[in-house]
Amino acid sequence: DAESNIWWGCLIRGDMNVIRIGRRVNIQDLTIVHVDSRKYGTFIGDNVTIGQGAIIHACTLEDRCFVGMQACVMDGAVVETEAMVAAGALVPPGKTVKGGQLWAGTPARFMRDCGEQELEMIERVPPEYWEMGQEYLKIGIGVVGKE
(Lines give C-alpha, C1' and ligand atoms only; values in the text may rest on other atoms or scores of the structure.)
Protein backbone atom coordinates (compact mmCIF):
# COMPACT_ATOMS: atom_id res chain seq x y z
CA ASP A 1 0.00 0.00 0.00
CA ALA A 2 1.29 3.46 -0.86
CA GLU A 3 0.60 4.66 2.68
CA SER A 4 2.86 2.04 4.23
CA ASN A 5 6.61 2.33 4.59
CA ILE A 6 9.20 -0.40 4.39
CA TRP A 7 12.63 0.77 5.52
CA TRP A 8 16.10 -0.20 4.33
CA GLY A 9 17.30 -3.78 4.33
CA CYS A 10 13.91 -5.42 4.84
CA LEU A 11 13.17 -8.72 3.16
CA ILE A 12 9.55 -9.50 2.30
CA ARG A 13 9.34 -12.90 0.65
CA GLY A 14 5.95 -14.25 -0.30
CA ASP A 15 7.30 -16.85 -2.67
CA MET A 16 5.36 -19.83 -1.36
CA ASN A 17 2.23 -18.23 0.08
CA VAL A 18 0.51 -14.86 0.33
CA ILE A 19 1.63 -11.75 2.24
CA ARG A 20 -0.87 -8.94 2.78
CA ILE A 21 0.25 -5.61 4.23
CA GLY A 22 -2.40 -3.09 5.27
CA ARG A 23 -2.47 0.70 5.29
CA ARG A 24 -0.12 2.90 7.31
CA VAL A 25 2.11 -0.03 8.24
CA ASN A 26 5.64 0.76 9.39
CA ILE A 27 8.13 -2.06 8.78
CA GLN A 28 11.48 -0.88 10.10
CA ASP A 29 15.03 -1.65 8.94
CA LEU A 30 16.27 -5.24 8.55
CA THR A 31 12.93 -6.88 9.27
CA ILE A 32 12.15 -10.21 7.61
CA VAL A 33 8.57 -11.08 6.61
CA HIS A 34 8.04 -14.60 5.29
CA VAL A 35 5.37 -17.31 4.96
CA ASP A 36 4.85 -21.04 5.43
CA SER A 37 4.55 -22.90 2.15
CA ARG A 38 1.73 -25.22 3.14
CA LYS A 39 -0.34 -23.72 5.91
CA TYR A 40 0.06 -20.01 6.70
CA GLY A 41 0.41 -16.79 4.80
CA THR A 42 1.35 -13.57 6.59
CA PHE A 43 -1.32 -10.95 7.22
CA ILE A 44 -0.48 -7.49 8.57
CA GLY A 45 -3.40 -5.18 9.37
CA ASP A 46 -3.60 -1.39 9.33
CA ASN A 47 -1.57 1.00 11.51
CA VAL A 48 0.92 -1.68 12.57
CA THR A 49 4.47 -0.95 13.73
CA ILE A 50 7.21 -3.57 13.37
CA GLY A 51 10.54 -2.60 14.94
CA GLN A 52 14.02 -3.05 13.49
CA GLY A 53 15.28 -6.56 12.92
CA ALA A 54 12.01 -8.34 13.69
CA ILE A 55 11.05 -11.67 12.13
CA ILE A 56 7.41 -11.95 11.11
CA HIS A 57 6.85 -15.52 9.94
CA ALA A 58 3.54 -16.95 8.70
CA CYS A 59 1.45 -15.14 11.30
CA THR A 60 -1.26 -12.50 11.68
CA LEU A 61 -0.72 -9.02 13.06
CA GLU A 62 -4.10 -7.38 13.54
CA ASP A 63 -4.78 -3.63 13.23
CA ARG A 64 -3.00 -1.23 15.60
CA CYS A 65 -0.55 -3.65 17.15
CA PHE A 66 3.16 -3.18 17.84
CA VAL A 67 6.01 -5.67 17.47
CA GLY A 68 9.26 -4.52 19.10
CA MET A 69 12.81 -4.60 17.78
CA GLN A 70 14.29 -8.06 17.17
CA ALA A 71 11.06 -9.76 18.22
CA CYS A 72 10.02 -12.95 16.43
CA VAL A 73 6.38 -13.88 15.77
CA MET A 74 6.10 -17.45 14.51
CA ASP A 75 3.80 -19.60 12.39
CA GLY A 76 0.10 -19.39 13.15
CA ALA A 77 0.57 -16.86 15.96
CA VAL A 78 -1.81 -13.90 16.20
CA VAL A 79 -1.06 -10.49 17.70
CA GLU A 80 -4.45 -8.92 18.29
CA THR A 81 -5.52 -5.27 18.04
CA GLU A 82 -3.75 -2.92 20.48
CA ALA A 83 -1.42 -5.66 21.70
CA MET A 84 2.33 -5.17 22.08
CA VAL A 85 5.15 -7.69 21.70
CA ALA A 86 8.25 -6.42 23.54
CA ALA A 87 11.66 -6.08 21.94
CA GLY A 88 13.49 -9.41 21.72
CA ALA A 89 10.39 -11.50 22.50
CA LEU A 90 9.67 -14.82 20.79
CA VAL A 91 5.98 -15.51 20.22
CA PRO A 92 5.85 -19.30 19.67
CA PRO A 93 3.84 -20.97 16.91
CA GLY A 94 0.09 -20.86 17.42
CA LYS A 95 0.08 -18.45 20.38
CA THR A 96 -2.34 -15.53 20.56
CA VAL A 97 -1.27 -12.23 22.12
CA LYS A 98 -4.62 -10.90 23.26
CA GLY A 99 -5.72 -7.36 22.47
CA GLY A 100 -4.50 -4.79 24.97
CA GLN A 101 -1.81 -7.06 26.43
CA LEU A 102 1.98 -6.69 26.63
CA TRP A 103 3.95 -9.90 26.07
CA ALA A 104 7.69 -10.29 26.61
CA GLY A 105 10.37 -12.95 27.00
CA THR A 106 11.53 -16.09 25.26
CA PRO A 107 9.15 -17.74 24.91
CA ALA A 108 6.88 -14.70 25.12
CA ARG A 109 4.28 -14.67 27.84
CA PHE A 110 1.72 -12.26 29.24
CA MET A 111 3.36 -9.60 31.39
CA ARG A 112 0.51 -7.15 32.00
CA ASP A 113 -2.16 -5.14 30.28
CA CYS A 114 -0.87 -2.33 28.10
CA GLY A 115 -0.81 0.97 29.93
CA GLU A 116 -1.28 4.49 28.63
CA GLN A 117 2.34 4.64 27.47
CA GLU A 118 2.08 1.52 25.28
CA LEU A 119 -1.30 2.48 23.84
CA GLU A 120 0.02 5.96 23.05
CA MET A 121 3.01 4.43 21.21
CA ILE A 122 0.75 2.15 19.19
CA GLU A 123 -1.21 5.20 18.01
CA ARG A 124 1.70 7.66 17.63
CA VAL A 125 4.42 5.72 15.81
CA PRO A 126 2.75 4.84 12.45
CA PRO A 127 1.89 8.46 11.54
CA GLU A 128 5.33 9.66 12.72
CA TYR A 129 7.07 7.19 10.42
CA TRP A 130 4.68 8.05 7.60
CA GLU A 131 5.68 11.72 7.93
CA MET A 132 9.38 10.81 8.04
CA GLY A 133 8.95 8.67 4.93
CA GLN A 134 7.29 11.58 3.12
CA GLU A 135 10.24 13.83 4.00
CA TYR A 136 12.68 11.28 2.57
CA LEU A 137 10.61 10.99 -0.62
CA LYS A 138 10.55 14.80 -1.05
CA ILE A 139 14.35 14.83 -1.24
CA GLY A 140 14.53 11.71 -3.43
CA ILE A 141 15.74 9.20 -0.85
CA GLY A 142 14.06 5.82 -0.71
CA VAL A 143 12.35 5.92 -4.09
CA VAL A 144 13.00 2.72 -6.03
CA GLY A 145 15.25 3.55 -8.96
CA LYS A 146 16.46 6.86 -7.52
CA GLU A 147 18.80 5.64 -4.80
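Counting only residues at least two apart or on different chains, the salt bridge (Lys or Arg N to Asp or Glu O under 4.0 Å) pairs with a member in residues 117-132 are R64-E123, R112-E118, E120-R124, R124-E128. Sorted pairs that involve residues 29-40 and meet salt bridge (Lys or Arg N to Asp or Glu O under 4.0 Å), not counting sequence neighbours, are lacking altogether. Applying the salt bridge (Lys or Arg N to Asp or Glu O under 4.0 Å) rule to pairs touching residues 40-54 yields nothing, sequence neighbours excluded.
Looking only at side-chain heavy atoms (C-beta outward), T31 and I50 come within less than 4.5 Å of each other. Put simply, the side chain of L137 does not reach to within 4.5 Å of the side chain of E135, judged on heavy atoms. Taking the side chain as every heavy atom from C-beta outward, L119 and E82 approach each other to under 4.5 Å.
Remark: T81 OG1 to K98 NZ distance equals 11.5 Å, nearest 0.5 Å. Note: T49 OG1 to N5 CG = 9.0 Å, rounded to the nearest 0.5 Å. In this structure, CD in Q28 is found 12.5 Å from CD1 in I6, a value given to the nearest 0.5 Å. Taking CG from L30 and SG from C10, the interatomic distance works out to 7.0 Å, rounded to the nearest 0.5 Å.
In plain terms, the two heavy atoms of A108 and P92 that are nearest each other are N-CD, 4.2 Å. Here the closest heavy-atom approach between residue A86 and residue A104 is recorded as CB-CB, 3.6 Å. In terms of heavy-atom proximity, A89 sits nearest to W103 at CB-O, 4.3 Å. Closest approach of V67 to A54, counting heavy atoms only: CG1-CB, 4.4 Å.
Around the CD atom of Q52, the shell of radius 6.0 Å holds more than 12 heavy atoms that belong to other residues, nucleotides or ligands.
Checked by atom type, the side-chain pair H34/N17 shows no donor-acceptor distance below 3.5 Å.
Considering V79, T60, V97 in turn, V79 is the only one that fulfils the side chain to side chain contact (heavy atoms under 4.5 Å, CB included) rule with C65. Between I12 and the options I27, V35, I56, I32, a side chain to side chain contact (heavy atoms under 4.5 Å, CB included) holds for only I27.
Between the side chain of T42 and the backbone N or O of R20, no donor-acceptor pair lies under 3.5 Å.
Residues M121 and L102 share a hydrophobic cluster, clusters being chains of Ile/Leu/Val/Met/Phe/Trp/Tyr side chains in contact below 4.5 Å.
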